[in-house]
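Convention: sequence-line order gives letters A, B, ...; per-chain numbering from 1. All figures in this text were calculated on a predicted structure; none of them were measured in a lab.
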Protein chains: 2
Amino acid sequence: MSTIRGARERARIEVTAAIKDEARKRLAAEGAARLSLRAVARELGMVSSALYRYFPSRDDLLTALIVDAYDAVGEVAEGARATAEQARPHPAPHVERWVAVAGAVRGWALAHPHEYALIYGSPVPGYSAPMDTVGPASRVGLVFIDLVRDAFRADGLAVPRLAPELRPEAERITADLAPDLPPPAVLALIAAWAQLFGLISFELFGQFNRLVEAREPLFRQAAGELARSVGLRGTPVG
Amino acid sequence: MSTIRGARERARIEVTAAIKDEARKRLAAEGAARLSLRAVARELGMVSSALYRYFPSRDDLLTALIVDAYDAVGEVAEGARATAEQARPHPAPHVERWVAVAGAVRGWALAHPHEYALIYGSPVPGYSAPMDTVGPASRVGLVFIDLVRDAFRADGLAVPRLAPELRPEAERITADLAPDLPPPAVLALIAAWAQLFGLISFELFGQFNRLVEAREPLFRQAAGELARSVGLRGTPVG
DNA sequence: GTCTATACCCCGATAGAC
DNA sequence: GTCTATCGGGGTATAGAC
């Protein structure tokens, strides 16, 4: 009896995964705004009404894809940080760790452009993200925070300048996010985070077309400068 | 005869403008991917087939909206630069001009989020931008280049560091874009440009929700740092 | 330049048989 | 859990009358 239920649950997991895989393909072909349950069902040789047993609505499927994407890029970032941290014979300097994590995020984005667009591109009109997405969405940011914390403990930080009017905001955010770090560094980290993704988005969304060729070196240079803007000490890249 | 043709052409221009205006409303409601000629026609009290006399296909309408949006944000940037340049009793320092232009772009984006998403957000699947969009798309960038050129001539630039591997790329782009400027500054400008729009996109696309409140001051601070990263001399904002 | 009509597609979601 | 059938929409694009 329990094995039967186990088999059923296994089947359910497999079908769910197949639906999400096919939905990711449809995402690439049509975009999130036009993702349709019927098209997914058609490609899978199912009938559309059958999908409703797995995802009660189109938005629920979209939510699952969003959560998966955030988790995937979060995992990549966490892995890159761990690798840089455990590098032999010496752990990488903190600026290099920062650049490694940023580069890993960029690599994931280039490999999964439509999933990147789903989570960091324009919002899907008519879709409002439920709370389920909040946790996964913060994973990448947490990697950068942890990385900066390590640098702070090991070498201290060159605390960035902060406009006085931003002081209360910096303190509020720091209390929520990383009470052990200097508020100016936390605010600079948030700005750097947005700017890193700006570089990735411009590359991915075509703004660099016919303009920038050496995208990876440009990204690495800019990421290194951003690490320094947060206060990480170390030779600038290059 | 010529007045009749003039009247006809005037009518055509007015109807074309009405279609685009309505299309912009639909853009806000449904997003670019779902923009439909029929919905626009319905709202205007026309029949869908009539629209094809003005725009031969959905993609042509989309192109017109994209060109208009690039032109609108370009005009705002040009205006902000001119204002900062002619400020009395003294023209604004170059860092402040940079921040003013960046702030104007952000202001336009906040006021026209769907048009911003159309041009700087995820590409519309299945739509490929024709060459018509290239010119308008570069207007904002040209404003920043001109601004940096002014600063270079007036005060010189604190030429940014450049990774040696990026030197050829920097020289190639500089030759195309602004042969009179130092290549490292031009490359830094491109990176700064992407990073500015990263800040705007994160704010607009919801990544700052429940995280950053003081968005305008944060943007101004970061924009000032970016100006310095390009080499503009001047007191940092704050 | 606008109209009606049409060909030929798409979609989300549900009811009820099996 | 999957099926057929259905409700009630939506769309691009064209033909041909006026």
Which residues share a ring-ring contact (aromatic ring centres under 6.0 Å, His included) with His112(A), sequence neighbours left out: Trp108(A)
Closest approach of Gln207(B) to Ile119(A) (non-hydrogen atoms, all atoms of both residues): NE2-O, 3.0 Å
Determine to 10° how strongly the helix from dG1(C)-dC18(D) to dC18(C)-dG1(D) is bent, judged from the axes of its five-pair ends. 0°
State whether a side-chain donor-acceptor pair under 3.5 Å links Asp60(A) with Thr63(A). no
Any chance the side chains of Tyr116(A) and Ser122(B) put a donor and an acceptor closer than 3.5 Å? no
What's Arg12(A) touching, base or sugar-phosphate or nothing? Going by heavy atoms closer than 4.0 Å. sugar-phosphate
Does the Ser138(B) side chain pair with the main chain of Gly141(B), one donor and one acceptor, at a distance under 3.5 Å? no
Rounded to whole angstroms, how far apart are [atom1] on [X] and [atom2] on [N]?
X	N	atom1	atom2	answer
Glu30(B)	dG10(D)	CD	C1'	10 Å
Leu37(B)	dG1(C)	CG	C1'	16 Å
Ile13(A)	dG1(D)	CD1	P	12 Å

What residues in residues 38-64 of chain B put a non-hydrogen atom under 4.0 Å from any atom of DNA chain D? Arg38(B), Ala39(B), Arg42(B), Ser49(B), Tyr52(B), Ser57(B), Arg58(B)
Let's go through Tyr120(B) and Ser201(A) carefully: what are the C-alpha distance in whole Å and the side-chain angles of both, what is the deciding distance for side-chain hydrogen bond (donor to acceptor under 3.5 Å, both in side chains) to 0.1 Å, and is it a yes or a no? CA-CA 9 Å; Tyr120(B) 292 111; Ser201(A) 293; over 6 Å; no
Plane angle bin for Phe202(B) and Trp193(A) - parallel if under 30°, tilted between 30 and 60°, otherwise perpendicular: perpendicular
Assess Arg12(A) against Tyr54(A): is NZ or CZ under 6.0 Å from the centre of the six-membered ring, and within 45 degrees of the ring's axis? yes
